[in-house]
There are 2 protein chains.
Amino acid sequence: MYKSLFDHIQKFVPLEPSDINILESCLELSKIKRKDHVLQEGQVCNTMYFIVKGCMRQYIINSKGTEQTLQFGIENWWITDYLSFLNHIPSHFYIQAVENTEVIAIDKPLMDSILVQIPALEKYFKIVAQKAFGAAQMRIKFLFTMSAEERYHHFNNLNPNFTQRVPQYMLASYLDFSAEFMSKIRAGKV
Amino acid sequence: MYKSLFDHIQKFVPLEPSDINILESCLELSKIKRKDHVLQEGQVCNTMYFIVKGCMRQYIINSKGTEQTLQFGIENWWITDYLSFLNHIPSHFYIQAVENTEVIAIDKPLMDSILVQIPALEKYFKIVAQKAFGAAQMRIKFLFTMSAEERYHHFNNLNPNFTQRVPQYMLASYLDFSAEFMSKIRAGKV
DNA sequence: TAAAAATCTTGAACTACTTCAAGAAATTAA
DNA sequence: TTAATTTCTTGAAGTAGTTCAAGATTTTTA
């Protein structure tokens with residue numbers, strides 16, 4: 001039932017059968033409907049979400065009232081606001097399901113208890129965070145060095161199937177240009 | 001001698017006296033001269049650096065031949081290319097000392113050995129990476145939502161003393177605008 | 001301390017994007 | 001299956017920045 005999470009963990013650290021028993025006894029799968037939020041700006045983010053199936057995004061609303069997506073998460077990704085989660089401070093972000101999504105949601109007390117029972121998971125979450133930070137650095141590099149059109153084609157090359165899963169305006173904001181400009185890029189009018 | 005690192009670790013996890021002994025026996029302080037590189041694009045990054053004193057930066061050279069700073073690191077920061085370090089793949093980045101800098105450099109074999117001897121440090125490095133990722137998310141938010149002038153003033157407010165430590169053109173590229181535009185912002189000509 | 005190197009400034013011309021507005025198309029809900 | 005909602009497209013006008021070039025200033029090195 002939680003196979004995708006166990007597989008993901010075991011890419012990075014080994015799990016004993018007893019560890020798996022512990023996890024099976026305390027995890028649960030939850031469903032989030034498309035467009036529902038699990039975090040709103042101003043709330044303290046108390047939960048980490050592992051996406052089993054579906055797609056979520058982290059976004060902000062800018063001063064013009066437009067949504068800008070900072071991060072997408074799909075199968076086998078963790079999504080949370082780490083700063084809010086770690087420091088118990090209000091979040092700057094919204095986190096929302098883009099598709100009907102199944103997640104394993106782990107709130108802070110449960111996470112603390114799991115990490116005490118299975119210390120090997122500290123290493124797992126270390127690696128997850130280090131990879132996420134590395135990816136964020138690459139993302140900033142691409143934002144700095146590529147034109148809007150290059151970012152669009154580069155993203156499509158890296159994620160050929162993903163583009164169809166989200167509305168174009170969400171992807172446009174993730175790549176830091178306007179939805180209208182995305183339209184023109186796709187039409188070859190630029 | 002390694003007090004600043006021990007203090008930093010103990011902000012997040014407790015250390016036994018025996019842990020400190022282990023660390024003292026295997027760490028060493030090294031000095032990096034201003035402008036010297038510890039990583040060049042294309043090399044595999046095999047080392048993590050804890051900055052005891054001074055300032056370093058991670059940067060790229062874009063297609064026009066201009067340097068663009070992705071990250072600064074100052075006292076009590078870790079700096080490395082995590083993706084290259086984790087996956088043993090060539091780095092996209094340069095890492096260079098901006099000032100004469102003292103670091104504790106830990107290469108991968110040593111890091112592995114330290115983490116086996118002091119498993120509590122897995123949690124420490126997990127928290128370090130989670131905070132770094134959280135900060136990167138905030139950085140992307142600011143890049144997305146603020147004008148060049150707002151980014152400059154915001155950065156100065158958050159880091160009032162830092163601005164004097166680096167050449168303006170490095171800070172301009174970190175904030176994602178040109179050195180010339182920075183000049184105009186500072187002169188109030190915009 | 002002088003020379004060399006690095007950094008900063010300025011204005012003019014340019015451009016990669018944004019904004020706005022309104023209609024068309026596609027998707028979702030009743 | 002129709003209505004409602006969401007998403008996408010298009011062109012025209014505007015603008016926040018870049019680029020270039022050259023000189024001025026500051027910092028570093030010898």
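Lettering of chains follows the sequences in order, A, B, ..., and the numbering in each one begins at 1.
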Contact pattern, 5' to 3', of nucleotides 22-30 of chain D - B, S or - by protein heavy atom under 4.0 Å = ------S--

Between dG17(D) (P) and Met146(B) (CE): distance, integer Å = 13 Å

Salt bridge (charged side-chain N to carboxylate O under 4.0 Å, His left out) pairs, two or more places apart, involving residues 109-121 of chain A | none

Rounded off to whole Å, could you give me the CZ-to-P distance for the Arg165(A) and dT7(D) pair?
-> 16 Å

Using a cut-off of less than 4.0 Å, is there contact between a side-chain N or O of Lys64(B) and OP1 or OP2 of dT19(D)?
-> yes

Can you name the residues that form a ring-ring contact (aromatic ring centres under 6.0 Å, His included) with Phe85(A), not counting sequence neighbours?
-> none

Residue-phosphate contact under 4.0 Å: Gln168(B) side-chain N/O, dT9(C) OP1/OP2 = yes

When the distance from CD of Gln68(B) to C1' of dT18(D) is rounded to whole Å, what number comes out?
-> 12 Å

May I ask you to list the residues sharing a hydrophobic cluster with Val44(A), side-chain cutoff 4.5 Å, ordered by chain and number?
-> none

Residue mapping more 5' on DNA chain C - nearest nucleotide basis, Pro167(B) or Arg151(A) = Pro167(B)

Interatomic distance where CD belongs to Gln164(A) and P belongs to dC8(D) [whole Å] | 12 Å

Measure the angle between the two terminal helix axes of the helix from dT1(C)-dA30(D) to dA30(C)-dT1(D), five base pairs each, and quote it to 10°.
-> 70°

Output all residues satisfying ring-ring contact (aromatic ring centres under 6.0 Å, His included) with Phe133(A), sequence neighbours left out; order by chain, then residue number.
-> Tyr82(B)

Report yes if the side chains of Asn76(B) and Ile51(B) come closer than 4.5 Å at any heavy-atom pair, otherwise no.
-> no

Residues joined to Ile61(A) in its hydrophobic cluster, side chain to side chain under 4.5 Å directly or through other members, sorted by chain and number, are Tyr59(A), Tyr94(A)

Partners passing ring-ring contact (aromatic ring centres under 6.0 Å, His included) against Tyr2(A) (at least two apart in sequence or in another chain) | none

Can you check whether Asp176(B) reaches Ile140(A) side chain to side chain, under 4.5 Å on heavy atoms?
-> no

Set of residues satisfying side-chain contact (heavy atoms from CB on, under 4.5 Å) with respect to Lys33(A), sequence neighbours excluded = Asp36(A), Asn100(A)

Tell me whether the OP1 or OP2 atom of dG11(C) has a side-chain N or O from Lys189(B) closer than 4.0 Å.
-> yes

Whole angstrom value for the distance that separates C1' of dA6(C) from CD of Glu99(B) | 16 Å

Whole angstrom value for the distance that separates C1' of dT18(D) from CZ of Phe144(A) | 15 Å

Is there a residue in residues 173-187 of chain A whose heavy atoms reach under 4.0 Å of DNA chain D, and which residues are they?
-> Glu180(A), Ser183(A), Lys184(A), Arg186(A), Ala187(A)

Which pairs with one or both residues in residues 71-97 of chain A pass salt bridge (charged side-chain N to carboxylate O under 4.0 Å, His left out), sequence neighbours excluded?
-> Glu75(A)-Arg165(A)

Non-neighbouring partners of Glu67(B) that pass salt bridge (Lys or Arg N to Asp or Glu O under 4.0 Å), sequence neighbours left out | Arg57(B)

